[in-house]
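Below is one structure, written out as structure tokens; the observations come after it.
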Amino acid sequence: MADAPLALLAELTHRCPLRCPYCSNPVELTRASAELAAAEWAQVFQEAAGLGCLQVHLSGGEPTVRRDIVEIVASARAAGLYTNLITAGVLLDAALMARLVEAGLDHVQLSVQDAEEAGAERIGGLKGAQARKRVAAALVKQAGLPLTLNAVVHRQNLHNLAHLIEIALEWGAFRLEVAHVQYYGWALANRAALLPTRAQLDEATGIVDAARIAHRGRLVIDYVVPDYHAARPKACMGGWGRRFLGVSPAGNILPCHAAESITGMVFPNMRQTSLAEAWAESPAFNAFRGTEWMPKPCQGCDHAERDWGGCRCQAFALTGQAANTDPACALSPHHGLLAEALAQAGETVFRYREFS
Ligand code: SF4
Ligand code: FES
């Protein structure tokens with residue numbers, strides 16, 4: 001059996017008050033009526049802990065739209081998991097924060113869409129969002145919890161990256177994750193508006209490098225680069241079925257948070273299959289595990305156990321076959337698709353998705 005996953009991503013809901021154009025949730029969203037109940041999440045947490053998970057990331061959508069979020073946090077803590085809430089922060093108030101802390105919440109990751117108010121509201125599609133996020137950050141700090149800021153960066157906010165780093169310092173974050181958009185799910189529909197230029201990417205990398213030195217000991221900066229400008233792909237998920245374990249709002253057990261974008265794949269559900277069985281034996285988890293499934297040019301390549309052939313979701317989104325070499329690799333016969341996408345980038349208007 002593959003090594004146990006260390007963390008569980010629990011996607012409690014797809015509902016969200018924001019409408020970010022790079023949302024990585026599936027294009028077909030799960031309705032509230034199909035979401036797992038709190039008692040089912042408690043079972044997921046017990047099973048994840050039994051499998052060896054040490055922490056749970058409570059995510060969405062927006063996890064705080066769930067009225068039972070406090071009960072869910074308490075059950076994660078009761079299972080012995082370190083609990084991290086990944087939130088847009090716009091629904092957090094002092095009363096909810098106090099109840100979450102009492103339930104055993106350990107850490108908060110707060111998303112920011114831009115440094116400037118107008119940009120943040122345009123990108124997230126929600127008026128007043130930035131002011132509410134500032135309040136949420138203060139509540140997290142007052143509660144004595146560690147705060148991480150998540151900034152997804154792209155063509156239309158990269159000019160504010162230095163300012164985003166200042167905001168992380170000002171709001172009291174100890175960690176900032178600067179992640180370039182990854183293009184599957186809804187982000188693919190907005191790719192022409194989001195893809196950065198090579199010059200933007202290089203400038204951003206320089207800003208992150210300098211800030212890491214300037215703020216050493218005060219702010220840790222994680223940096224996820226876009227692979228449209230790369231010659232080799234990222235080791236997505238650390239390799240399929242090697243480290244990542246996720247559960248979707250409807251209870252599907254996933255080897256990647258975007259795995260349901262690969263149409264035709266069937267995923268085990270926690271209502272019929274235990275997490276341990278899904279992890280060890282399900283066809284979905286074993287489909288791209290290791291290196292035997294790899295086609296040429298990955299088969300025999302000396303990067304095969306470094307990048308695991310790249311990203312299955314990106315291979316599917318761009319070539320229609322999840323088992324193909326990720327086109328982000330210069331050795332892929334489909335690598336030219338990335339240059340074509342870059343040549344077509346420059347759109348300024350976002351396509352927003354409505355959750356009705
Ligand atoms: Fe990675 Fe496959 Fe490209 Fe080799 S050929 S670098 S294994 S994606
Ligand atoms: Fe699913 Fe990369 S996002 S494998």
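By convention here, the first residue in the shown sequence is residue 1. In this text, all values refer to a predicted model and were calculated from it rather than measured experimentally.
- Side-chain polar atoms of Asn157 and Asp114 form no donor-acceptor pair below 3.5 angstrom.
- There is no side-chain donor-acceptor pair under 3.5 Å between His180 and Tyr228.
- Counting only N and O atoms by type, the side chains of Arg77 and Tyr82 include no donor and acceptor under 3.5 Å apart.
- Within the cation-pi definition used here (under 6.0 Å to the ring centroid, within 45° of the axis), Arg19 qualifies as a partner of Tyr352.
- Looking only at atom types and distance, the side chain of Asn150 has no donor-acceptor partner in the side chain of Ser111 under 3.5 Å away.
- Partner of Leu8 under the side chain to side chain contact (heavy atoms under 4.5 Å, CB included) criterion, chosen from Leu51, Val44, Leu58: Val44.
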Trace of the side-chain contact (heavy atoms from CB on, under 4.5 Å) decision for Glu166 with His163: CA-CA 5 Å; Glu166 283 167 24; His163 192 179; 3.8 Å; yes
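- For the residue pair Gln55 / Asn84, no side-chain donor-acceptor distance below 3.5 Å is found, with atom types taken as modelled.
- In this structure, a donor-acceptor pair under 3.5 Å is present between the side chains of His107 and Thr148.
- Results of the ring pair (Phe, Tyr, Trp, His ring centres under 6.0 Å) test with Trp279 over Phe267, Phe285, Phe244 single out Phe285 as the only residue that passes.
- For the side chain to side chain donor-acceptor pair (under 3.5 Å) with Asp326, the qualifying choice from Gln314, His334, Arg312, Lys234 is Gln314, the only one to do so.
- Taking the six-membered ring for Trp and thresholds of 30 and 60 degrees, His154 and Tyr22 have ring planes inclined between 30 and 60 degrees apart.
- Looking only at atom types and distance, the side chain of Thr87 has a donor-acceptor partner in the side chain of Glu62 under 3.5 Å away.
- Side-chain contact between Val140 and Trp171 is absent, with no heavy-atom pair separated by less than 4.5 Å.
- Side chains of Arg243 and Leu6 form no contact here, defined as non-hydrogen atoms less than 4.5 Å apart.
- A salt bridge does not link Asp307 to Arg232: none of the charged nitrogens lies less than 4.0 Å from a carboxylate oxygen.
- Defined by atom type and a distance below 3.5 Å, a donor-acceptor pair is present between the side-chain atoms of Glu35 and Thr13.
- Between Arg271 and Glu40 there is a side-chain heavy-atom pair separated by less than 4.5 Å.
- Between Glu47 and Gln43, the side chains place a donor N or O and an acceptor N or O closer than 3.5 Å (distance only, hydrogens not considered).
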